[in-house]
**Student:** 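Mind having a look at this structure? Questions to follow.
Atoms within each ligand, like the ligands themselves, are counted from 1 in listed order.
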Amino acid sequence: MNKDLTYTSYLKVDDLLALQKPLSQPQAPDELLFIITHQSYELWFRLLITELDRVVGLIAQETLFPAFHLLERVSLVFKNLIQQLDVLETMTPVAFNQFRSQLNPASGFQSWQFRELELLLGGATQDYSRFAALEPEWFEKVMARGNKPNLRTAFISLLKNRGFLSNTDPAQEIKEAVLKIYQQPVQDELQTLCEFLIEVDEQVMLWRFRHVQMVERMIGMKHGTGGSLGVSYLETTLKKKFFPELWQARTQMGTY
Ligand code: HEM
């Protein structure tokens, strides 16, 4: 037992509360809400990255039951993140505009943990070059992540190990594997894994949709502080899927 340990010292509460530093002068009342929302997102992103790394390792070892538990955790964290936007929407556009110009040129677009998450889920590397000069260590972290195994590569390796894929691995073969997996009278562990994966995929899509809806409510069709077209740019991301074959296979699914 450490008798000097307190709630405050263990959780570093004083350090944590020193981290919210509004920029507006005089201080815009809603800037604290804006900062706390983003910072809590980054904390949850940290957990998501940690848990997804564990999931990738577990799938590689074909230890699927503990992976299911963690995938459920990941989906529930995303649901929780989606709900947090309700609180942010108690800020009106005019209250936001009191400090919005101070945020230029920073943007959620630069959240390297979000970019790592996209890659860890199996998303393709994007062109991050315009941030490389701004934050070189950001760029290195994201590029290093792009070279590591991810949820999608772990899933594909599992399908290969279980004899569903030859080595060519085109999307068509994955879709056919998914169809075979679902064509069994008893839901086995592979089918359960597919259901957990599509759930995570859906939650990320719902987060993207919920975010763009909130952005339009806050700034209409104005450009983003990160320099993008704002809502028009974000709308191009709404159809991104990490496991498109799981969705496509549904069109051909009948019964077993
Ligand atoms: C008033 C609230 C918010 C507004 C008006 C807003 C606006 C925007 C805009 C316009 C973009 C496009 C990039 C650009 O800036 O040009 C963007 C991207 C992004 N924002 Fe927000 N945002 C808000 C809150 C949040 C919150 C709370 C998060 C949580 C971390 C977040 C995370 C992101 C991420 C990850 C992207 C990149 C999306 C992508 O490229 O796929 N945003 N946001």
**Student:** Counting heavy atoms only, which part of L88 comes closer than 4.0 Å to ligand 1: side chain, backbone, both or neither?
**Tutor:** side chain
**Student:** State whether the number of non-hydrogen atoms from other residues, nucleotides or ligands found under 6.0 Å of R46 atom CZ is greater than 12.
**Tutor:** no
**Student:** Could you check atom 5 (C) of ligand 1 against the protein and tell me its nearest heavy-atom contact, residue, atom and distance included?
**Tutor:** F96 CE2, 3.6 Å
**Student:** Can any side-chain N or O of S107 pair as donor or acceptor with the backbone N or O of Q110 at less than 3.5 Å?
**Tutor:** no
**Student:** What protein heavy atom lies closest to atom 3 (C) of ligand 1? Include the residue and the distance to one decimal.
**Tutor:** M214 CE, 3.5 Å
**Student:** Given 3.5 Å as the limit, does a donor-acceptor pair link the side chain of E31 with the main chain of P22, or not?
**Tutor:** no
**Student:** Would a distance-only check, ignoring hydrogens and angles, find a side-chain to backbone donor-acceptor pair under 3.5 Å from Q39 to L19?
**Tutor:** yes
**Student:** Show which atoms of ligand 1 fall inside a sub-4.0 Å distance from at least one heavy-atom site of G230.
**Tutor:** 10 (C)
**Student:** Taking distance alone, with no angle check, do Y233 and ligand 1 share an N/O pair under 3.5 Å?
**Tutor:** yes
**Student:** Report, in ascending order of atom number, the atoms of ligand 1 lying under 4.0 Å from any heavy atom of T237.
**Tutor:** 41 (O)
**Student:** Quick one: look up the protein heavy atom nearest atom 13 (C) of ligand 1 and list residue, atom name and how far away it is.
**Tutor:** S228 OG, 3.4 Å
**Student:** Please check this pair: side chain of R152 against backbone of F242, looking for a donor-acceptor N/O pair closer than 3.5 Å.
**Tutor:** yes
**Student:** Under 30°, 30 to 60°, or over 60°: which ring-plane class applies to F196 and F68, parallel, tilted or perpendicular?
**Tutor:** parallel
**Student:** Side-chain donor-acceptor pair under 3.5 Å between S24 and Q98, yes or no?
**Tutor:** no
**Student:** For R100, state whether at least one heavy atom is located under 4.0 Å from any atom of ligand 1.
**Tutor:** no
**Student:** Is it true that a side-chain atom of R250 and a backbone atom of L246 form a donor plus acceptor pair closer than 3.5 Å?
**Tutor:** yes
**Student:** If the cut-off is 4.0 Å to any non-hydrogen atom of F114, which atoms of ligand 1 fall inside it?
**Tutor:** 35 (C)
**Student:** Just wondering, are more than 12 heavy atoms of other shown residues or ligands nearer than 6.0 Å to CZ in F209?
**Tutor:** no
**Student:** CH2 of W247: more than 12 outside heavy atoms within 6.0 angstrom?
**Tutor:** yes
**Student:** At a 4.0 Å threshold, what atoms of ligand 1 neighbour a non-hydrogen atom of F34?
**Tutor:** 1 (C), 2 (C)
**Student:** What donor-acceptor contacts under 3.5 angstrom involve side-chain atoms of residues 213-232, with partners at least two apart or in another chain?
**Tutor:**
residue	atom	partner	partner atom	Å
Q213	OE1	R210	NH1	3.3
R217	NH1	E89	OE1	3.4
T225	OG1	A106	O	2.7
S228	OG	G230	N	2.9

**Student:** Run the numbers for me: atoms of ligand 1, each under 4.0 Å from some heavy atom of R208, listed by number.
**Tutor:** 41 (O)
**Student:** Within the structure provided, determine whether E189 and F65 are in side-chain contact (heavy-atom separation under 4.5 Å).
**Tutor:** yes
**Student:** With heavy atoms only and a cut-off of under 4.0 Å, state how H223 meets ligand 1: side chain, backbone, both or neither.
**Tutor:** neither
**Student:** How far is atom 37 (C) of ligand 1 from its nearest protein heavy atom, and which residue and atom is that?
**Tutor:** R115 NH2, 3.5 Å
**Student:** Does the D30 side chain pair with the main chain of M91, one donor and one acceptor, at a distance under 3.5 Å?
**Tutor:** no
**Student:** Would you say ligand 1 has an N or O under 3.5 Å from any N or O of S111?
**Tutor:** no
**Student:** Find all atoms of ligand 1 within a distance of less than 4.0 Å from any non-hydrogen atom belonging to M218, and give their numbers and elements.
**Tutor:** 1 (C)
**Student:** Show the atoms of ligand 1 that are less than 4.0 angstrom away from any heavy atom in G226.
**Tutor:** 14 (C), 15 (O), 16 (O)
**Student:** May I ask you to list the atoms of ligand 1 that are less than 4.0 angstrom from any heavy atom of T225?
**Tutor:** 15 (O)
**Student:** State the count of protein N/O/S atoms located less than 2.8 Å away from atom 21 (Fe) of ligand 1.
**Tutor:** 1
**Student:** Using a heavy-atom cut-off of under 4.0 Å, does the side chain or the backbone of K222 touch ligand 1, or both, or neither?
**Tutor:** neither
**Student:** Answer side chain, backbone, both or neither: which part of M91 comes under 4.0 Å from ligand 1, heavy atoms only.
**Tutor:** side chain
**Student:** Quick one: look up the protein heavy atom nearest atom 26 (C) of ligand 1 and list residue, atom name and how far away it is.
**Tutor:** H38 NE2, 3.1 Å
**Student:** Using atom types as modelled and distance alone, determine if a side-chain donor or acceptor of Q191 lies under 3.5 Å from a backbone N or O of I181.
**Tutor:** yes
**Student:** According to the interplanar angle, ranging from 0 to 90°, do the rings of W207 and Y41 count as parallel (below 30°), tilted (30 to 60°) or perpendicular (above 60°)?
**Tutor:** tilted
**Student:** Does any N or O atom in E118 lie less than 3.5 angstrom from one in ligand 1, N or O only?
**Tutor:** no
**Student:** Hey, does the Lys NZ or Arg CZ of R115 hover above the aromatic six-ring of F109, less than 6.0 Å from the centre and inside 45° of the axis?
**Tutor:** yes
